[in-house]
Amino acid sequence: MDSLFSGSSLQSLARLLRDAPEEEDDDDDDVQARCSVGAMTPASVGPVKKENTSTFQVKSENKKTIWNTEEVPEGSEFDDTWDPREKPEYEISFKQHVGTEDVFFGMTGKDPSTACCEDIVIKIKLPETKYSDITLDIQDKVLDLRTPKKKLLLHLPYPVNSKEGRARFLSEEEILEVTLRVSRKLDFINFSDG
């Protein structure tokens, strides 16, 4: 065991490290200090690494904000994971306006797909709820419904025109029926700016 740590083996190791390729910007004093046995560390082996001085750039103009408003998904301001109210049962269906030219002749090119529908109809079951207890907020892509016992945050499948929506409460069935007009861009199926 003594032969492993003898002076000659340490000198051979120092010679081996000293003969390693040197960086162009190192001077002799620095190389001698790095290759001496007392100054050897695991970081001393290999080429000299330059320090990376990259800085993190803040995208936001206000330094106190944590994230930009573009990074926050739409409707997340309504989401409350700690709210103990249960989610009501609901059903989403689509409605389109068709005439005889669509049904019998197929002249407008409409088909039964959701791409040709003009309205989204959402039926929400609200047992033991009065009409006056319902709070409903409709945004372009989010429906937020709250009652004393139920809460529903629904991300809508299509953007809607929140100003043209209708809601009615069917008290016998205890169902809130919300009809929302789909806001579509002009495309080859829907010829009107909706």
Side-chain angles (χ1 to χ4, degrees), residues 55-194:
T55 59
F56 179 76
Q57 294 182 355
V58 178
K59 294 179 185 177
S60 130
E61 296 165 1
N62 185 357
K63 304 264 187 216
K64 292 185 179 184
T65 59
I66 299 173
W67 54 76
N68 291 333
T69 55
E70 295 88 30
E71 296 173 338
V72 179
E74 184 176 337
S76 62
E77 66 268 12
F78 302 110
D79 199 13
D80 185 10
T81 56
W82 301 105
D83 196 340
R85 292 180 282 187
E86 67 178 283
K87 185 177 185 179
E89 293 181 34
Y90 65 92
E91 176 185 310
I92 298 176
S93 56
F94 295 89
K95 185 166 82 174
Q96 62 177 251
H97 305 282
V98 293
T100 54
E101 67 274 1
D102 300 311
V103 177
F104 297 112
F105 303 120
M107 294 172 62
T108 60
K110 286 188 178 180
D111 59 25
S113 71
T114 60
C116 295
C117 294
E118 289 93 12
D119 295 321
I120 297 175
V121 180
I122 304 158
K123 294 182 180 179
I124 306 165
K125 294 182 183 178
L126 298 170
E128 303 170 6
T129 304
K130 293 186 282 185
Y131 176 73
S132 59
D133 292 338
I134 299 172
T135 303
L136 182 65
D137 185 21
I138 309 269
Q139 302 295 323
D140 289 342
K141 293 184 180 180
V142 176
L143 177 138
D144 183 23
L145 173 113
R146 297 177 190 241
T147 69
K149 295 182 181 178
K150 308 273 185 182
K151 181 190 95 162
L152 176 65
L153 177 69
L154 183 63
H155 294 272
L156 301 170
Y158 294 109
V160 297
N161 186 346
S162 59
K163 306 288 186 228
E164 291 186 25
R166 296 182 311 272
R168 66 181 182 157
F169 187 65
L170 308 170
S171 56
E172 295 85 31
E173 292 92 13
E174 297 180 320
I175 291 177
L176 177 67
E177 184 180 272
V178 181
T179 304
L180 302 169
R181 177 64 61 152
V182 175
S183 176
R184 296 195 192 273
K185 300 292 180 200
L186 189 62
D187 60 10
F188 69 95
I189 294 174
N190 303 293
F191 299 106
S192 64
D193 224 0

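None of these values were measured; they are calculated from a predicted model.
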Once you round to the nearest 0.5 Å, how far does OG of Ser93 lie from CD of Glu177? 8.0 Å

Contacts of type side-chain contact (heavy atoms from CB on, under 4.5 Å), residue Pro159, not counting sequence neighbours: Lys141

Are Glu91 and Lys123 close enough for a salt bridge, meaning some N to O gap below 4.0 Å? no

What residues, two or more places apart in sequence or in another chain, satisfy side-chain contact (heavy atoms from CB on, under 4.5 Å) together with Glu174? Pro127

Should Leu143 and Ile124 be marked as a side-chain contact (heavy atoms from CB on, under 4.5 Å) after you check the CA-CA gap, both sets of side-chain angles, and the distance that decides it? CA-CA 11 Å; Leu143 177 138; Ile124 306 165; 4.2 Å; yes

Derivation and outcome, side-chain contact (heavy atoms from CB on, under 4.5 Å), residues Leu154 and Val142: CA-CA 6 Å; Leu154 183 63; Val142 176; over 6 Å; no

Is the closest basic N to carboxylate O distance between Lys149 and Glu86 below 4.0 Å? no

Arg85, CZ atom: more than 12 neighbouring heavy atoms under 6.0 Å: yes

If you count the non-hydrogen atoms of other residues, nucleotides and ligands that lie under 6.0 Å from CD in Glu173, is the total more than 12? yes

To the nearest 0.5 Å, atom CG of Asp137 lies from atom CZ of Arg146 at 9.0 Å

Return the CD to OG1 distance between Glu118 and Thr179, rounded to the nearest 0.5 Å. 13.0 Å

Output the distance between atom CD (Gln139) and atom CG (Asp144), rounded to the nearest 0.5 Å. 8.5 Å

Supply the atom-to-atom distance Asp119 CG to Tyr158 OH, rounded to the nearest 0.5 angstrom. 13.0 Å

